[in-house]
Structures are given as C-alpha cells and as structure tokens.
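Report on the following structure.
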Amino acid sequence: MKEEYLRVFAAIAAIPPGRVASYGAIAARAGLPGRARLVGRLLGEVPDGMVLPWFRVLRSSGQIAMAPGSRGYREQCRLLKAEGVEVKNGRVPLSRFGLDADIDHAIWGMPES
DNA sequence: CGTATGACGTGGC
DNA sequence: AGCCACGCCATAC
C-alpha cells in the first residue's frame with residue numbers, strides 16, 4: 001500500500017461525526033491536490049478490516065456520489081441521517097455540514113507548517 | 001502502446 | 001438548475 005493512499009484513508013477517518021467533506025478536500029488534506037478521483041477510486045477498494053466513515057465523503061456540490069437508488073446510495077443516506085446530517089434528494093447542504101477551509105484548519109490542524 | 005472509464009473538480013455559458 | 005470542455009490519473013482492455 002502506497003503511503004499516499006494511507007494519508008487519504010487517514011484524512012477520511014479524521015472527518016468528525018455529523019460533518020461531511022468533499023473528495024477534493026480529502027485529496028488536498030492528504031497532500032494530493034487535484035486528485036479527487038483517486039479518493040473515489042480508493043473508497044471502492046478499502047482494505048479488508050479497515051473501517052472508515054466513507055459515507056461522510058460527498059461531491060463538492062454536496063451530492064452523494066453513488067448512483068441514485070443504488071444500495072450504497074441508500075446506505076449512505078441512512079448513515080448520514082443517523083448522525084444528524086440533513087440529506088434531501090441525495091444532497092447535503094455543505095453550508096451547514098461541510099468542512100470548509102476555516103473549519104478544516106480547526107479540526108484537521110495547521111495546513112502546511 | 002492507445003483508449004476508455006470512473007464514489008471527481010472547476011470554470012464557462 | 002443544466003450542459004460542456006478540460007484537467008486529473010490508476011486500471012482495465
């Protein structure tokens with residue numbers, strides 16, 4: 001497993017309950033700006049035994065990335081709602097639940113030292 | 001070695 | 001809101 005991938009998993013694991021983050025934000029936090037696609041790909045092949053709050057990762061628009069109606073989609077909605085995140089038509093209002101730059105700083109720590 | 005395909009993002013219209 | 005073009009890059013064929 002490449003060290004870069006572990007940083008992606010770590011960034012995902014750091015999303016606090018009741019909040020969500022975009023693929024792009026996760027990639028950036030892992031030191032891989034512009035590589036949101038990699039994050040999406042990795043979520044499709046999480047190592048066995050590794051538990052991650054994958055459901056807290058959304059598109060930059062707040063939309064759930066999985067195909068509407070699919071199993072994962074419904075599961076994601078359920079898990080998010082279960083921890084108090086508002087999901088309407090597969091979309092979450094990032095203005096209230098998303099980690100923006102400032103909050104990232106507070107929760108994830110100093111950007112680059 | 002090209003081409004296509006994504007749990008993506010941004011900017012333009 | 002939508003659509004499109006690009007940029008991105010690991011994998012699969």
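Computed from a predicted model, the values in this text were never measured in an experiment. Only heavy atoms go into these numbers, but all of them, side chains included; no hydrogens, no water, no symmetry mates.
Note: CZ (Arg91(A)) to P (dG2(C)) measures 9 Å, nearest angstrom. Distance Ile26(A) CD1 to dA7(B) P: 17 Å, rounded to the nearest Å. One interatomic measurement links the two molecules: CZ of Phe9(A) to P of dA7(B), which rounds to 15 Å at whole-angstrom precision. Rounded to whole Å, atom P of dG6(B) lies 15 Å from atom CD of Glu45(A). Rounded to a whole Å, the CZ atom of Arg59(A) is 11 Å from the P atom of dG2(C).
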Review item, nucleotides 5-10 of chain C N/O atoms under 3.5 Å of protein N/O:
residue: dA10(C); atom: OP1; partner: Arg35(A); partner atom: NH2; Å: 2.7
residue: dA10(C); atom: O3'; partner: Arg41(A); partner atom: NH2; Å: 2.9

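With a 3.5 Å limit on both pairing distances and Watson-Crick or G-U wobble geometry required, the stems of 3 or more pairs in DNA chain C span B:2-6 with C:9-13, B:8-13 with C:2-7.
For the pair Leu58(A)/Ile64(A), a side-chain contact is recorded, criterion being any heavy-atom separation below 4.5 Å from C-beta on. Side chains of Ile15(A) and Ile26(A) form a contact here, defined as non-hydrogen atoms less than 4.5 Å apart.
Among residues two or more places apart in sequence or in another chain, the side chain to side chain contact (heavy atoms under 4.5 Å, CB included) test is passed with Pro16(A) by Arg19(A), Leu99(A), Ile107(A). By the side chain to side chain contact (heavy atoms under 4.5 Å, CB included) test, Ala65(A) pairs with Tyr23(A), Arg59(A), sequence neighbours left out. Under the rule for a side chain to side chain donor-acceptor pair (under 3.5 Å), the partners of Glu83(A) that lie at least two apart in sequence or sit in another chain are Arg56(A). Checked against side chain to side chain donor-acceptor pair (under 3.5 Å), Arg7(A) has the following partners two or more places apart in sequence or in another chain: Glu3(A). Listed by chain and number, the residues in a side chain to side chain donor-acceptor pair (under 3.5 Å) with Arg91(A) amount to none (sequence neighbours excluded). The side chain to side chain donor-acceptor pair (under 3.5 Å) search around Arg41(A) returns Glu45(A), not counting sequence neighbours. Under the rule for a side chain to side chain contact (heavy atoms under 4.5 Å, CB included), the partners of Arg96(A) that lie at least two apart in sequence or sit in another chain are Glu86(A), Pro93(A).
One finds a side-chain N or O of Ser60(A) lying less than 4.0 angstrom from the OP1 or OP2 phosphate oxygen of dT10(B).
Among the heavy atoms of the strands lying under 4.0 Å from Ser22(A) are primed sugar atoms or P, OP1, OP2 only; no base atom is included.
Spacing of P atoms, dA7(B) relative to dC13(C), comes out at 15 Å, to the nearest Å.
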